[in-house]
Protein chains: 2
Amino acid sequence: MTIHEALPTTVPQCGACPIRHRAVCARCEADELAALDALKFYRSFEAGQTLIWAGDRMEFVASVVSGVATLTQVMEDGRTQTVGLLFPSDFVGRPGRERAPYNVIATTDLLMCCFRKKPFEELMARTPAIGQRLLEMTLDELDAAREWMLLLGRKTAREKIASLLAIVARRDAALHLRAPQGKMVFDLPLTREAMADYLGLTLETVSRQISALKRDGVIELEGKRHVTVPDYNRLLEEAGDDTDGGFVG
Amino acid sequence: MTIHEALPTTVPQCGACPIRHRAVCARCEADELAALDALKFYRSFEAGQTLIWAGDRMEFVASVVSGVATLTQVMEDGRTQTVGLLFPSDFVGRPGRERAPYNVIATTDLLMCCFRKKPFEELMARTPAIGQRLLEMTLDELDAAREWMLLLGRKTAREKIASLLAIVARRDAALHLRAPQGKMVFDLPLTREAMADYLGLTLETVSRQISALKRDGVIELEGKRHVTVPDYNRLLEEAGDDTDGGFVG
DNA sequence: CGTGATCTTTGATTTATGTCAAGGTCGCGG
DNA sequence: CCGCGACCTTGACATAAATCAAAGATCACG
């Protein structure tokens, strides 16, 4: 039995397992498994709810089971920047840190698999594989954050939108164990405003650029949220991306 | 003897020690120390030199002994975004990863303390404290990257310049074991163009905003690079920053 | 101590995106 | 089925920053 199997979830791969990687799960011992299993509990949130406020004491770490959440920073005068998107299987929390650095906001209805922090840390101290896996995940997040820095600093509004659509498409495909390619269909888990906050734009600009991409046949829209991408590669070209790299959190 | 003492450097704290933290160093065993010591070698580079190209195989990990370097991404069409600044004591390299994700460029003359990657990884596998310290450092970098995302997405050109100046001032103070406050004097380790690449601006805008801050008495300039900040708190206000948080890498 | 290369400043103009404003669409509860 | 609120789109206009252009520092080197 692996941790993956012990922590059932709607996510195919390693789901709610905070280690989130078959290779690591396979190494887990039964004792640690039981310990983790005893710690876990589920919490659900509604779209729009703020799970965690920046500065709060963090009482747990968690991974997303279903739904989408954002990590968001707010300046004193209200300017807002989203610094991470959390999809199912993404991890949130920082063993070893006291307080949350960002607001965590559910942008859709959300189910989290949580672990009380203290016991999780203790388990981690006893299980080097967990720390290793966490380092790997943190490096992935760092790469994603830096890719986003390129987007924020240098891409045009159109490229920004195309990049975001490509990421949502890719993450959505991953949920269904598919490779991102060809025609893709998915729902946007974000409002126009949330997209704007993530892309460093205004909601009006987001709306205009989405209309432009629709006009140019790069995407089709049914309602406000349901997107069809006829050709994923075309979308990547619009994103101005050489890299194909995955965004994590 | 600690690793810190075994790896002499111009940096006061833990300097070229890749673990870079007294608390961790103090825990290091003599065996590991000797092993690390055997691995280390120094390399120096000239201002403007690219140490590592994105996509290169990484043969070593290293920490900065003196000088400043940038981590930089370049799009196919030449648009450039710097995603990290490396000051003395900062670490570069990714145990467990094959290839460099960014260009690493010396912006001043630079001395690095290097360790061949393979043996470093082996040492790391034997020494949990190193992995733990690396996770801590990576989390710091992630925080810094996300703070920079707020800057890139939402700050004005003037705020961006002020933020960068504040960071350089703070890092420079740290080198001299001083707290950042009051009147501060330092040299800019970046050209106007490198600043622009870091801030998501053009070099002309950088120049204009520096002139404006000078005109408004927020800074004084002697030559192009030598900066006096009469009042660090004033500078922080200009940066629009509530946070005081440290930028790392 | 001049000469060229590199870096920087400043000015004039353009443009992408923000701001302000109005109206449209959709879904939900009464 | 209507009406309300939340969300989205579109238009007109404003503006911060980019672009294009020229000239001024500064420094290394002969």
Side-chain angles (χ1 to χ4, degrees), chain A residues 46-49 75 77-81 105-109 151-162 164-165 187-216 219-227 238 240, chain B residues 46-49 75 77-81 105 107-109 151-165 187-216 219-227 238 240:
Chain A
E46 286 180 19
Q49 217 180 331
M75 291 172 72
D77 61 6
R79 282 178 280 177
T80 298
Q81 179 67 47
I105 304 172
T107 65
T108 66
D109 290 344
L151 174 144
L152 290 171
R154 294 304 185 195
K155 287 190 180 179
T156 65
R158 169 184 266 243
E159 290 169 331
K160 287 177 174 182
I161 297 288
L164 178 56
L165 292 171
D187 285 315
L188 278 172
L190 302 174
T191 65
R192 301 291 185 263
E193 187 180 21
M195 294 172 74
D197 286 342
Y198 197 23
L199 297 170
L201 298 171
T202 59
L203 68 94
E204 293 94 332
T205 299
V206 169
S207 182
R208 274 188 253 273
Q209 295 300 332
I210 287 179
S211 298
L213 289 174
K214 192 168 73 176
R215 174 171 38 69
D216 298 343
I219 59 172
E220 292 152 25
L221 270 182
E222 193 177 329
K224 293 160 181 174
R225 298 292 193 92
H226 192 73
V227 180
E238 291 286 352
Chain B
E46 286 180 20
Q49 218 180 331
M75 291 172 72
D77 61 6
R79 280 177 282 176
T80 297
Q81 178 67 47
I105 304 171
T107 65
T108 66
D109 291 343
L151 174 144
L152 291 170
R154 296 302 184 197
K155 287 190 179 178
T156 64
R158 168 184 265 244
E159 289 170 332
K160 285 177 175 182
I161 297 287
S163 299
L164 178 56
L165 291 171
D187 285 316
L188 279 172
L190 302 173
T191 65
R192 300 291 185 263
E193 187 180 21
M195 294 172 74
D197 286 341
Y198 198 23
L199 298 171
L201 298 171
T202 60
L203 69 94
E204 292 95 331
T205 298
V206 169
S207 182
R208 274 187 252 273
Q209 295 300 331
I210 287 178
S211 298
L213 289 174
K214 193 168 71 176
R215 174 170 39 68
D216 299 344
I219 59 173
E220 291 151 26
L221 270 183
E222 193 178 328
K224 294 161 178 173
R225 299 290 193 94
H226 193 74
V227 181
E238 291 286 351

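Below, chain A is the first sequence line, B the second, and so on; all start at residue 1.
- For Arg192(B) and dT6(C), the shortest distance from a side-chain N or O to OP1 or OP2 is not below 4.0 Å.
- One can place CG of Leu201(A) at 18 Å from P of dA16(D), the figure rounded to the nearest angstrom.
- No engagement by Gly48(B) is indicated, since no non-hydrogen atom pair under 4.0 Å with the nucleic acid exists.
- When distances run from any side-chain atom of Ser211(B) to the nucleotides dT10(C), dA21(C), dC8(D), the shortest one goes to dT10(C).
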Before giving the answer on side-chain contact (heavy atoms from CB on, under 4.5 Å), spell out for Leu164(A) and Met195(A) the whole-Å C-alpha distance, their side-chain angles and the decisive distance to 0.1 Å. CA-CA 8 Å; Leu164(A) 178 56; Met195(A) 294 172 74; 3.8 Å; yes
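- Between Arg154(A) and Glu204(A), it is Glu204(A) whose nearest contact on DNA chain D lies nearer the 5' terminus.
- The side chain of Leu203(B) sits closest to dT8(C) out of dT17(C), dT9(D), dT8(C).
- Atom CZ in Arg215(A) sits about 13 Å away from atom C1' in dT9(D), given to the nearest Å.
- Nucleotide dT9(D) holds its P atom 10 Å from the CD1 atom of Ile161(A), rounded to whole Å.
- Atom-to-atom distance recorded for His226(B):NE2 and Glu220(B):CD is 10.0 Å, nearest 0.5 angstrom.
- Remark: Arg192(A) CZ to Ile210(A) CD1 distance equals 4.0 Å, nearest 0.5 Å.
- Rounded to a whole Å, the CD atom of Glu222(A) is 16 Å from the P atom of dC8(D).
- One interatomic measurement links the two molecules: CG of Leu213(B) to P of dT8(C), which rounds to 16 Å at whole-angstrom precision.
- Within the model, atoms OG1 of Thr191(B) and CG of Leu203(B) stand 8.0 Å from one another, a figure rounded to the nearest 0.5 Å.
- Atom P of nucleotide dC8(D) and atom CD1 of Ile210(A) are separated by 9 Å, given to the nearest angstrom.
- The phosphate of dA18(D) (OP1 or OP2) has a side-chain N or O of Thr205(B) nearer than 4.0 angstrom.
- Between dT26(D) and Arg225(B), no contact under 4.0 Å exists linking OP1 or OP2 to a side-chain N or O.
- Atom C1' of nucleotide dC8(D) and atom CD of Gln209(A) are separated by 15 Å, given to the nearest angstrom.
- Both Arg208(A) and Lys224(B) sit near DNA chain C, but only Lys224(B) has its closest nucleotide nearer the 5' end.
- An OP1 or OP2 oxygen of dT10(D) is reached within less than 4.0 angstrom by no side-chain nitrogen or oxygen of Ser207(A).
- What separates NZ of Lys214(B) from P of dT8(C) is a distance of 13 Å, to the nearest Å.
- Base engagement by Thr202(A) is indicated by at least one non-hydrogen atom pair under 4.0 Å involving a base atom.
- Taken from OG1 in Thr107(A) to CG in Leu190(A), the straight-line distance is 5.0 Å, to the nearest 0.5 Å.
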